[in-house]
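One structure is given here, and the rest of the page talks about it.
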Amino acid sequence: MAFTVTMMSWSILEYKAQLAGSGELGHAMDAVKWGTDYFIKAHPEPNVLYGEVGDGNTDHYCWQRPEDMTTDRRAYRLDPSNPGSDLAGETAAAMAAASLVFRSSNPAYANKLLSHAYQLFDFANKYRGKYDSSITVAQKYYRSVSGYNDELLWAAAWLYQASNNQYYLKYLADNGDSMGGTGWSMTEFSWDVKYAGVQTLVAKFLMQGKAGAYAPVFRRYQEKAEAFLCSCLRKGNRNVQVTPGGLIFRQRWNNMQFVTTASFVATVYSDYLTSSRGSLKCPAGYVRPSELLTFAKSQVDYILGDNPRATSYMVGYGNNFPRRVHHRGSSIVSYKISSKFIACREGYATWFSKKSGDPNVLTGALVGGPDAYDNFADQRDNYEQTEPATYNNAPLLGVLARFHGGHSGYNQLLPVAVPLPPAAKRNPNPGSSSSSSSSPVVILQRVTSSWKDKGRIYYRYSTVITNKSGKTVRNLELSISKLYGPLWGLTNSGKSYTFPKWVNSLGPQKSLEFVYIHSASEANVSVLRYDLG
């Protein structure tokens, strides 16, 4: 919950203008305040934080609406004798980030949040320990695998942003090595593992010119932030796994959480680089900011339906979305329609096992998503794939705002600019060219027919390649991605597509057609190389 609030706040802080332009800023701020109001109540004393209400075992035993719940509502707390630096640290980060959200519109509330954040950080830092060693009932469901060092650094970064207090900047510099901020090269960013997030924030401080004498340490943070992004782009030394359809894949259970966080970091870092007129250096070469945005957009497009199943994994969006979500309130008749009490186990027998769609659409919820092969089963008991989570949605808030509203003037970092690295040297083969706006090889795609089969719509695409030059094109190689069906009229050479066996070249002003069929929008077709002669 705290990570959700932190990421929603970060989304608002980066893309406030875009959210305001779409009329959603007030809604986003209301959602953040709903969370921070709760955190204030959960933090009644400087060194006391209530971390959980109820427990997973008894709650999972029942399938009931919130209005009918009779399970134990016992509260579990952290205190000096029962520390939880990770949970207290994340809650400090959430309240510090949220204080920035309300700094202009509600300064008194912002000050209150910042005061709580100071106290929670001090509590987390002084009384060290993992929260699930104190609240042991959480171990089965939300185990703290990464420990608490990442949350302490994360909280310090947000407190520095919120207060401009040099103590927190020094904390990041002094503890970067010992706590893993400069050492851990990550391939995930999640509610448990914050290193990629704090590395991104510290890189921002560096690009803003705020590092001062700490610049050498902060550059090591930045190297790890960029290693994470290189891995997401699959241009690093240790890359993320992706499905055949191009989605980041980390684990079977609720994989989508890693997709949205990676997309968010790629989006904001692209804007940071654009602000500083920089680029990203990966082991596979330099990456321009636009490539990071292209990656983020590919992940969002997949989520919203541009994938092999043509399925939207956001409930209520599009025509083909999950209808049997693993969610109690969604799957049981609304209390407004029938207030008849539904007992603990009755819900399983009457509602959980129903094959029909949910009576209440959980609009906007992002479910766990497909497996490593783009497969997805829309079944209520398939909790690994159909269970939603608030921390899936939170990073997506900023990404969607950015893509909807565009950039608002590259003001994330200015006035400091970082020199542009030298362009990578290229030695193309004589007479060869890659696809570009001035390329003589022109590609035109169009849908020629469509039909419905077993509830899915299939499209036949005609793709025409035309040689607009006055010379003959030979040795043409094409890259085709996001192709989810059969293709005719080209030869698949493994890593690329070439002329069919019956064609050796393409003469001046001549064209070649190939076709493919799948149930998604058009594939990405681009020219890798060719010879003119």
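Numbering of residues begins at 1 and proceeds along the displayed sequence.
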Any salt bridge linking [X] with [Y]? Criterion: basic side-chain nitrogen under 4.0 Å from a carboxylate oxygen.
X: K204; Y: E14; value: yes
X: R323; Y: D358; value: no
X: K235; Y: E291; value: yes
X: K33; Y: D30; value: no
X: K130; Y: D86; value: no
X: D59; Y: R73; value: yes
X: R74; Y: E52; value: no

Within a 6.0 Å radius of atom [atom1] on [X], are there more than 12 heavy atoms belonging to other residues, nucleotides or ligands?
X: N237; atom1: CG; result: no
X: Y317; atom1: OH; result: no
X: F352; atom1: CZ; result: yes
X: N319; atom1: CG; result: no
X: R234; atom1: CZ; result: yes

Do [X] and [Y] pair up side chain to side chain, a donor and an acceptor below 3.5 Å, judged on atom types alone?
X: D374; Y: T243; answer: yes
X: T386; Y: N382; answer: no
X: T311; Y: N320; answer: yes
X: N393; Y: T390; answer: no
X: S462; Y: E513; answer: yes
X: E24; Y: S22; answer: no
X: N392; Y: N254; answer: yes

[Y] and [X], any side-chain heavy atoms less than 4.5 Å apart:
X: Y335; Y: D68; result: yes
X: V287; Y: L273; result: no
X: Y15; Y: L397; result: no
X: L478; Y: I465; result: yes
X: L293; Y: T267; result: yes
X: Y195; Y: F228; result: no
X: E90; Y: T6; result: yes
X: P388; Y: V325; result: yes

Listed by chain and number, what are the side chain to side chain donor-acceptor pair (under 3.5 Å) partners of [X], not counting sequence neighbours?
X: D371; answer: none
X: Y391; answer: Y142
X: N57; answer: Y141

Residue list, salt bridge (Lys or Arg N to Asp or Glu O under 4.0 Å) with K340, at least two apart or on another chain: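 With sequence neighbours excluded, K340 shows a salt bridge (Lys or Arg N to Asp or Glu O under 4.0 Å) to E346, given in chain and number order.
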
Residues which pass salt bridge (Lys or Arg N to Asp or Glu O under 4.0 Å) with R238, listed by chain and number, not counting sequence neighbours: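 None.
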
Does S449 form a side-chain hydrogen bond (donor to acceptor under 3.5 Å, both in side chains) with R460? I'd like the steps, not just the answer. CA-CA 5 Å; S449 62; R460 180 189 186 274; 5.0 Å; no

With sequence neighbours left out, what residues match S356 under side-chain contact (heavy atoms from CB on, under 4.5 Å)?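 Only K354 meet the side-chain contact (heavy atoms from CB on, under 4.5 Å) criterion with S356.
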
When rounded to the nearest 0.5 angstrom, what distance separates [atom1] in [X] from [atom2] in [Y]?
X: S231; Y: M186; atom1: OG; atom2: CE; result: 9.5 Å
X: S339; Y: I342; atom1: OG; atom2: CD1; result: 10.0 Å
X: L247; Y: D301; atom1: CG; atom2: CG; result: 11.5 Å
X: Y313; Y: I303; atom1: OH; atom2: CD1; result: 10.5 Å
X: Y348; Y: Q64; atom1: OH; atom2: CD; result: 10.0 Å
X: Y373; Y: F249; atom1: OH; atom2: CZ; result: 8.5 Å

Assess the pair [X] and [Y]: is the distance between their ring centroids shorter than 6.0 Å?
X: Y131; Y: Y148; result: no
X: W63; Y: H326; result: yes
X: F189; Y: W154; result: yes
X: H518; Y: Y461; result: yes

At their closest point, which heavy atom of [X] faces which heavy atom of [Y], and how far apart are they?
X: T260; Y: P395; result: O-CB, 3.5 Å
X: I248; Y: C232; result: CD1-SG, 4.3 Å
X: L512; Y: P500; result: CD2-CD, 4.0 Å

Keeping N255 on the side-chain end and G369 on the backbone end, is there a donor-acceptor pair under 3.5 Å?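 No.
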
Quick one: does S134's side chain have a donor or acceptor within less than 3.5 Å of a partner on P83's backbone?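 Looks like yes, one N/O pair under 3.5 Å.
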
What's the verdict on ring pair (Phe, Tyr, Trp, His ring centres under 6.0 Å) for W451 and Y459, showing C-alpha distance, side-chain angles and the deciding distance? CA-CA 7 Å; W451 63 93; Y459 302 93; 8.3 Å; no

Quick one: do Q257 and S190 satisfy side-chain hydrogen bond (donor to acceptor under 3.5 Å, both in side chains)? Show the steps, please. CA-CA 7 Å; Q257 61 180 305; S190 68; 4.9 Å; no

Let me see the working for D271 and R402 under salt bridge (Lys or Arg N to Asp or Glu O under 4.0 Å), right down to the final yes or no. CA-CA 10 Å; D271 289 340; R402 172 64 172 85; 2.9 Å; yes

The test is side-chain hydrogen bond (donor to acceptor under 3.5 Å, both in side chains); show your working for S521 and D306 and say whether it passes. CA-CA 7 Å; S521 56; D306 188 5; 3.2 Å; yes

Taking the six-membered ring of Y61 as reference, does the cationic atom of R345 (NZ for Lys, CZ for Arg) lie under 6.0 Å from its centre and within 45° of its axis?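 Yes, R345 sits over the ring of Y61.
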
Should L444 and T463 be marked as a side chain to side chain contact (heavy atoms under 4.5 Å, CB included) after you check the CA-CA gap, both sets of side-chain angles, and the distance that decides it? CA-CA 6 Å; L444 181 65; T463 305; over 6 Å; no

Is there a side chain to side chain contact (heavy atoms under 4.5 Å, CB included) between M314 and L396 once you walk through the steps? CA-CA 11 Å; M314 179 178 282; L396 200 57; 3.7 Å; yes

